[in-house]
Trainee: 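Please read through the structure below; I'll follow up with questions.
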Number of protein chains: 2
Amino acid sequence: MVSIEDLVGITMLKSSKRLTRLITMHLKPYNITSEQWIVLKRVSEADHISQKELSQRSDKDQATLTKILDLLEKNGYVSRKPNPDDRRSFLICISDSGKSLKEELFPFIEHLYSQIISDIPEEQMAVYQEVLQKIQCNIEDLKYK
Amino acid sequence: MVSIEDLVGITMLKSSKRLTRLITMHLKPYNITSEQWIVLKRVSEADHISQKELSQRSDKDQATLTKILDLLEKNGYVSRKPNPDDRRSFLICISDSGKSLKEELFPFIEHLYSQIISDIPEEQMAVYQEVLQKIQCNIEDLKYK
DNA sequence: AAAATATAATTTGTATACAAACTATATTTA
DNA sequence: TAAATATAGTTTGTATACAAATTATATTTT
């Protein structure tokens with residue numbers, strides 16, 4: 001008797017773990033982790049973005065984002081600038097080397113992903129995404145019970 | 001222009017994060033995390049199991065499993081017994097309180113999961129699972145390139 | 001205007017994941 | 001049989017996620 005948890009949940013958790021590990025592995029030569037990459041990408045999409053906004057767009061909580069930005073800043077890919085409109089806030093800016101890295105990695109990651117989904121029919125991908133959205137909605141509803 | 005990464009990867013990562021968070025939140029009254037629960041469940045399915053086997057069945061690396069078992073053992077749910085056939089190895093055993101907790105939580109978690117997938121047609125769930133399997137296979141193939 | 005409340009970012013603490021290193025032990029090779 | 005190699009589990013170190021607490025600042029309420 002296989003539980004719903006095993007059928008639905010564990011499969012997803014396993015896949016996302018493997019995905020993260022694979023991306024991180026391929027990013028290793030660039031000395032950046034998959035999570036840092038996501039953040040860098042989001043900064044490149046919206047330069048001079050507040051950390052609050054960035055944490056939403058990258059789906060990371062403020063505490064975690066602070067640590068990731070620390071590392072990206074240490075490596076010279078981003079910088080924090082005081083927000084002139086709000087002294088509690090910083091604006092995160094991408095550096096030239098950050099831009100270069102993003103330009104280099106974007107096609108690389110996209111190609112990797114195209115391989116990850118190769119041989120999967122588009123209709124199936126559409127269903128998969130629809131199911132994930134429904135799961136997320138249901139999770140959202142269950143959060144307040 | 002939405003990237004494949006955003007369409008395929010980020011959606012999955014988001015969902016699995018929310019899933020883990022939801023399960024952990026609902027398990028909080030029981031003073032056990034979602035990851036510890038998975039391990040407890042696996043021990044209950046195969047009492048006297050080696051850590052090596054357990055790490056495979058729970059999809060956790062040895063180092064992480066050691067820490068989780070430390071916590072479960074501290075809370076009295078499992079115990080380590082030397083393996084008579086191999087002095088490098090322990091057999092993980094479930095305690096009576098571990099069994100009780102598993103019996104209590106199993107239906108609770110199943111019910112939660114049934115809510116998480118409520119309103120999703122079975123055919124869609126089947127496609128979703130098929131896609132996840134394909135993704136995992138593709139990831140496996142890409143691991144060695 | 002002052003007080004109360006909310007908020008941005010950071011810090012602290014716990015848990016988890018992963019990689020590398022380690023030690024005792026088992027297995028394989030020569 | 002001895003040496004070489006592999007392995008079970010643990011430890012150490014880095015990164016990430018999350019919750020709670022904190023401080024300076026902004027916003028809302030009185």
Side-chain angles (χ1 to χ4, degrees), chain A residues 13-28 30-40 49-75 78-92 143, chain B residues 13-29 31-40 49-75 78-92 143:
Chain A
L13 296 174
K14 265 189 182 179
S15 299
S16 74
K17 267 166 74 175
R18 279 157 176 69
L19 182 59
T20 299
R21 203 184 309 161
L22 182 80
I23 303 297
T24 294
M25 191 184 84
H26 278 83
L27 287 176
K28 196 171 166 76
Y30 300 94
N31 199 32
I32 187 172
T33 64
S34 63
E35 310 303 334
Q36 291 163 24
W37 157 246
I38 299 293
V39 173
L40 181 65
I49 188 172
S50 75
Q51 277 175 244
K52 178 71 186 297
E53 183 70 27
L54 185 56
S55 79
Q56 285 166 3
R57 294 189 184 195
S58 55
D59 196 43
K60 292 180 191 302
D61 68 279
Q62 289 278 67
T64 307
L65 182 62
T66 293
K67 305 305 303 186
I68 293 179
L69 286 175
D70 287 346
L71 290 166
L72 286 176
E73 190 166 20
K74 192 178 83 176
N75 290 324
V78 303
S79 59
R80 289 172 166 95
K81 293 184 178 172
N83 181 350
D85 298 333
D86 185 343
R87 302 217 312 199
R88 299 170 301 178
S89 171
F90 290 100
L91 301 179
I92 307 300
K143 243 166 71 178
Chain B
L13 296 174
K14 268 189 178 176
S15 299
S16 76
K17 268 167 75 176
R18 281 159 174 68
L19 182 60
T20 298
R21 202 185 308 162
L22 182 79
I23 302 297
T24 294
M25 190 186 83
H26 277 83
L27 286 176
K28 195 169 164 82
N31 199 31
I32 187 171
T33 65
S34 64
E35 311 302 334
Q36 289 163 26
W37 157 245
I38 298 293
V39 172
L40 181 66
I49 187 173
S50 76
Q51 277 174 244
K52 177 70 185 297
E53 183 71 26
L54 184 57
S55 80
Q56 285 165 3
R57 294 188 185 196
S58 55
D59 196 42
K60 293 179 190 304
D61 68 279
Q62 289 279 70
T64 307
L65 182 62
T66 294
K67 307 304 303 187
I68 294 178
L69 286 175
D70 287 346
L71 290 165
L72 286 176
E73 191 167 19
K74 192 178 84 176
N75 291 323
V78 303
S79 59
R80 288 174 168 93
K81 293 185 180 173
N83 181 349
D85 299 333
D86 185 343
R87 302 217 315 198
R88 300 170 301 179
S89 171
F90 290 99
L91 300 178
I92 309 300
K143 241 167 69 179

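Chain letters run A, B, ... following the sequence lines, proteins first and then strands; every chain starts at 1. Remember, it's a predicted structure, so these values are computed and weren't measured experimentally.
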Trainee: Can you tell me the distance, in whole Å, between the NZ atom of A:K67 and the C1' atom of C:dT16?
Mentor: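 About 17 Å, once rounded to whole Å.
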Trainee: Separation of B:W37 atom CH2 from C:dT16 atom C1', in whole Å?
Mentor: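 About 19 Å, once rounded to whole Å.
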Trainee: Under the rule for side-chain hydrogen bond (donor to acceptor under 3.5 Å, both in side chains), what residues qualify as partners of A:K17, not counting sequence neighbours?
Mentor: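 In terms of side-chain hydrogen bond (donor to acceptor under 3.5 Å, both in side chains), with neighbours along the sequence ignored, A:K17 is linked to B:D59.
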Trainee: Once you round it to whole Å, what is the distance between P of D:dT16 and CD1 of A:I23?
Mentor: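 Distance check: A:I23 CD1 to D:dT16 P gives 15 Å.
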Trainee: Which residue, A:L71, A:I68, A:L69, A:L54, forms the side-chain contact (heavy atoms from CB on, under 4.5 Å) with A:V78?
Mentor: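 Among A:L71, A:I68, A:L69, A:L54, the one meeting side-chain contact (heavy atoms from CB on, under 4.5 Å) with A:V78 is A:L69.
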Trainee: Side-chain N or O of B:T64 less than 4.0 angstrom from OP1 or OP2 on C:dT16?
Mentor: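 So the side chain of B:T64 is outside the cut-off, no N or O lying under 4.0 Å from OP1 or OP2 of C:dT16.
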Trainee: In chain order, what residues pass the side-chain contact (heavy atoms from CB on, under 4.5 Å) check against A:K81, with sequence neighbours excluded?
Mentor: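 Result, side-chain contact (heavy atoms from CB on, under 4.5 Å) vs A:K81: A:H48, A:S79, A:C93.
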Trainee: Check this one for me: any side-chain N or O of A:K60 less than 4.0 Å away from OP1 or OP2 of D:dA17?
Mentor: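 Yes.
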Trainee: Looking at every non-hydrogen atom in both residues, tell me the closest pair between B:W37 and B:L27 and how far apart they are.
Mentor: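 For B:W37 versus B:L27, the nearest heavy atoms are CB-CD1, 3.8 Å.
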Trainee: Please identify each residue that fulfils side-chain contact (heavy atoms from CB on, under 4.5 Å) with B:D86, with sequence neighbours left out.
Mentor: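 side-chain contact (heavy atoms from CB on, under 4.5 Å) check on B:D86 returns B:N83, B:R88, B:S89.
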Trainee: If you restrict it to nitrogen or oxygen atoms, what contacts under 3.5 Å exist between nucleotides 2-4 of chain D and the protein, and what is each distance?
Mentor:
none

Trainee: Look at B:T66 and D:dT11 and indicate whether a side-chain polar atom (N or O) is within less than 4.0 Å of OP1 or OP2.
Mentor: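 No, because none of the side-chain N or O atoms of B:T66 sits under 4.0 Å from OP1 or OP2 of D:dT11.
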Trainee: How close or far is atom P of D:dC18 from atom CE of B:M25, stated in whole angstroms?
Mentor: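 Rounded to the whole Å, the gap is 13 Å.
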Trainee: In whole Å, I'd like the distance from the CG atom of A:D59 to the P atom of D:dC18.
Mentor: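 After rounding, the gap between these two atoms is 8 Å.
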Trainee: At what angle, to 10 degrees, do the two end axes of the helix from C:dA1-D:dT30 to C:dA30-D:dT1 meet, given five pairs define each axis?
Mentor: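 Comparing the axis at each end, I get an angle of 20°.
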Trainee: Return the value, rounded to whole Å, for the distance between atom CG of A:L65 and atom P of D:dA15.
Mentor: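 These atoms are roughly 15 Å apart.
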Trainee: What's the shortest heavy-atom distance between B:Q62 and B:Q51, and which atoms?
Mentor: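 Heavy atoms only, the tightest pair is OE1-O, 3.4 Å.
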Trainee: Please list, chain by chain and in numerical order, all residues satisfying side-chain hydrogen bond (donor to acceptor under 3.5 Å, both in side chains) with B:S55, sequence neighbours excluded.
Mentor: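 Expected list: none.
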Trainee: If you take any heavy atom closer than 4.0 Å to DNA chain C, which residues from residues 13-21 of chain B end up in contact?
Mentor: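 Residues of residues 13-21 of chain B under 4.0 Å from DNA chain C: none.
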Trainee: On DNA chain D, compare the nucleotides closest to A:D61 and A:R87; which residue's is nearer the 5' end?
Mentor: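 The 5'-side residue here is A:D61.
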Trainee: Return the CG to CG distance between A:D70 and A:N75, rounded to the nearest 0.5 Å.
Mentor: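 A:D70 atom CG to A:N75 atom CG measures 11.0 Å (nearest 0.5 Å).
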Trainee: Under the rule for side-chain contact (heavy atoms from CB on, under 4.5 Å), what residues qualify as partners of B:R87, not counting sequence neighbours?
Mentor: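 Once residues adjacent in sequence are excluded, B:R87 has no partner under the side-chain contact (heavy atoms from CB on, under 4.5 Å) criterion.
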Trainee: Report yes if some heavy atom in the side chain of A:K143 is under 4.5 Å from a heavy atom in the side chain of B:R18; otherwise report no.
Mentor: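 A side-chain contact under 4.5 Å is absent here.
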Trainee: Could you give the CG-to-P distance, from B:N75 to C:dT14, as a whole number of Å?
Mentor: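 The distance from CG of B:N75 to P of C:dT14 comes to 14 Å, rounded to the nearest Å.
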Trainee: State which residues pass side-chain hydrogen bond (donor to acceptor under 3.5 Å, both in side chains) with B:T24; sequence neighbours excluded, sorted by chain then number.
Mentor: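 Partners of B:T24 by the side-chain hydrogen bond (donor to acceptor under 3.5 Å, both in side chains) criterion, ordered by chain and then number, come out as B:S34.
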Trainee: Mind checking the CG-NZ spacing from B:L65 to B:K60? Nearest 0.5 Å is all I need.
Mentor: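 It is 8.5 Å, given to the nearest 0.5 Å.
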Trainee: Quick one: list whatever passes side-chain contact (heavy atoms from CB on, under 4.5 Å) with A:D61, sequence neighbours left out.
Mentor: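 In terms of side-chain contact (heavy atoms from CB on, under 4.5 Å), with neighbours along the sequence ignored, A:D61 is linked to A:A63, A:T64.
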Trainee: Test of understanding: with side-chain hydrogen bond (donor to acceptor under 3.5 Å, both in side chains), list the residues that count as partners of B:E53, not counting sequence neighbours.
Mentor: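 So B:E53 forms a side-chain hydrogen bond (donor to acceptor under 3.5 Å, both in side chains) with B:R57.
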Trainee: Rounded to the nearest angstrom, tell me the gap between atom CD in A:E35 and atom P in C:dT16.
Mentor: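 Taking CD of A:E35 and P of C:dT16, I get 18 Å after rounding.
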Trainee: What does the list of N/O pairs under 3.5 Å between the protein and nucleotides 5-8 of chain C look like, with a distance for each?
Mentor:
from  : atom 1 : to    : atom 2 : distance (Å)
C:dT7 : O4'    : A:R88 : NH1    : 3.3
C:dT7 : O2     : A:R88 : NH1    : 2.9
C:dA8 : OP1    : A:K52 : NZ     : 3.2
C:dA8 : OP2    : A:K52 : NZ     : 3.0

